[in-house]
Amino acid sequence: MSTELVEDESQFYCKAKKYWKAVPATVDGMLGGYGHISSIDLSGSKKFLQRFIRDGSHKIGTSYALDCGAGIGRITKRLLLPVFKSVDMVDITDDFLSKAKSYLGEDAKRIGNFYCCGLQEFTPEPNRYDLIWIQWVIGHLTDAHLVEFLKRCKAGLQPNGIIVIKDNITQEGVILDDVDSSICRDMDVLKKIIKQAGLSFLAQEKQENFPEEIYHVFSIAMR
Ligand SMILES: C[S@@+](CC[C@H](N)C(=O)[O-])C[C@H]1O[C@@H](n2cnc3c(N)ncnc32)[C@H](O)[C@@H]1O
């Protein structure tokens, strides 16, 4: 698993923090130069989320959501705030959270909390959230930290709440990116982590219409 690739854990986290500090607080910055795919991504996410909003056995409430690795609030603005009464945001980069206050405009007043914190140290408030959305950030956590973080997320859910991870998935194996200091896992490894966290799998969907040269991206819902 990814543990073997991360030789020095504190360096792994330090390097990522430094990397993001130097990235512009823009949609393009959030997406590593792929700002033009933001709308496709958000449309895919809306479609995926809809199945949990409308009636059905997995129906969730629409009061509180948590955006993890939220950045400037790209997802909060166009996916979460249109559905949920209030959204909390957590990210390690303080400049991104500061930018969110202007990027979200009038809607910034519906942000309950801006938490500037690494997910490896963050504990969501227990029993609070209808939805915890974790996109393009799990690669910045080691396997052990991801398991523990997901356990804390589970405790942060309302009785009907769900967690969604949307992220890059390799065809096979785990790949380290030394530039932004992240790891990309395959589906088997990720599903093992989800199981270890005591979560049950609800649904998964592959994001369509992304450029061919990038990793495949999947949304996975669990509770
Ligand atoms: C690829 S961007 C994605 C931002 C947002 N999820 C989106 O899709 O627009 C990764 C984000 O993760 C944040 N990040 C990196 N390491 C983190 C960590 N250990 N804990 C919390 N946030 C982290 C970065 O500051 C950055 O905002």
Side-chain angles (χ1 to χ4, degrees), residues 2 6 8-46 48-49 65-81 87-101 103-104 111 113-124 131-150 152-153 156 163-169 176-185 193 207 210-211 214-215 217-220:
S2 59
V6 178
D8 182 335
E9 192 174 289
S10 87
Q11 269 296 102
F12 174 72
Y13 285 108
C14 252
K15 214 169 152 184
K17 193 171 175 183
K18 209 168 146 196
Y19 171 87
W20 286 106
K21 223 174 165 31
V23 168
T26 60
V27 168
D28 211 40
M30 297 304 99
L31 300 183
Y34 278 84
H36 56 285
I37 67 167
S38 183
S39 289
I40 301 171
D41 164 58
L42 291 161
S43 302
S45 300
K46 260 181 214 162
F48 186 70
L49 188 57
L66 173 66
D67 187 355
C68 298
I72 61 169
R74 185 186 69 87
I75 297 163
T76 289
K77 186 181 174 89
R78 287 188 47 204
L79 179 71
L80 304 179
L81 281 172
V87 177
D88 290 341
M89 296 171 64
V90 53
D91 198 280
I92 203 163
T93 312
D94 49 4
D95 289 351
F96 294 166
L97 294 174
S98 302
K99 174 66 187 249
K101 289 168 193 153
Y103 176 70
L104 297 172
I111 302 300
N113 296 284
F114 293 92
Y115 297 109
C116 186
C117 187
L119 300 181
Q120 64 277 18
E121 285 157 2
F122 180 71
T123 303
L131 172 70
I132 299 182
W133 192 270
I134 311 168
Q135 183 162 350
W136 278 322
V137 67
I138 58 167
H140 287 299
L141 300 192
T142 62
D143 290 350
H145 280 155
L146 183 53
V147 170
E148 291 310 310
F149 175 62
L150 288 175
R152 299 194 296 276
C153 285
I163 298 168
V164 173
I165 289 177
K166 185 170 184 180
D167 220 300
N168 301 338
I169 299 291
L176 175 73
D177 180 339
D178 217 20
V179 177
D180 68 357
S181 192
S182 69
I183 44 186
C184 187
R185 302 172 170 96
I193 287 172
Q207 173 67 52
F210 266 3
I214 64 173
Y215 283 123
V217 173
F218 284 85
S219 301
I220 304 158

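Start at 1 and go down the list; that is how both ligands and their atoms are numbered. Computed from a predicted structure; not experimentally measured.
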Side chains of [X] and [Y]: closer than 4.5 Å at any heavy-atom pair?
| X | Y | value |
| --- | --- | --- |
| Met30 | Phe96 | yes |
| Trp20 | His140 | yes |
| Asp91 | Ile72 | no |
| Asp94 | Lys21 | yes |

Sub-3.5 Å N/O-N/O distance, [X] and ligand 1:
| X | value |
| --- | --- |
| Ala16 | no |
| Gln135 | yes |
| Asp91 | yes |
| Gln120 | yes |
| Ile75 | no |
| His140 | no |
| Thr93 | yes |

Identify which of [options] has a heavy atom lying nearest to [atom].
| atom | options | value |
| --- | --- | --- |
| atom 17 (C) of ligand 1 | Leu97, Ile92, Asp41, Val90 | Ile92 |
| atom 4 (C) of ligand 1 | Gly73, Gly69, Gly29 | Gly69 |
| atom 18 (C) of ligand 1 | Leu119, Leu79, Ile72, Asp94 | Leu119 |

Using a strict 4.0 Å cut-off to heavy atoms of [X], name the atoms of ligand 1 that fall inside it.
| X | value |
| --- | --- |
| Gly71 | 27 (O) |
| Phe96 | 25 (O), 26 (C), 27 (O) |
| Met30 | 1 (C), 2 (S), 3 (C), 9 (O) |

key: Aromatic plane relationship, Phe149 with Phe122 - under 30° parallel, 30 to 60° tilted, over 60° perpendicular   =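 Answer is tilted, since the angle falls between 30° and 60°.
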
note = of all protein heavy atoms, closest to atom 12 (O) of ligand 1 is Val137 CG2, 3.5 Å

request  = Around atom 8 (O) of ligand 1, find the nearest protein heavy atom and jot down its residue, atom name and distance.
outcome  = Arg74 NH2, 2.9 Å

inquiry  = One thing to verify: whether Arg185 and Asp143 come together as a salt bridge, which I'm taking to mean a side-chain N less than 4.0 angstrom from a carboxylate O.
reply    = yes

Between the side chain of [X] and the main-chain N/O of [Y], is any donor-acceptor distance below 3.5 Å?
| X | Y | result |
| --- | --- | --- |
| Lys17 | Ile92 | no |
| Arg152 | Leu119 | yes |
| Asn113 | Asp88 | no |

Lys101 to Phe114 six-membered ring, cation-pi geometry met (6.0 Å, 45°) =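 Output yes; distance and angle both within limits.
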
message = Heavy-atom distances under 4.0 Å decide this one: backbone, side chain, both or neither, for Trp136 against ligand 1?
response = both

query = Below 4.0 Å from any atom of ligand 1, is there a heavy atom belonging to Cys117?
reply = yes

ask   = Less than 6.0 Å separating the ring centroids of Phe12 and His145?
value = no

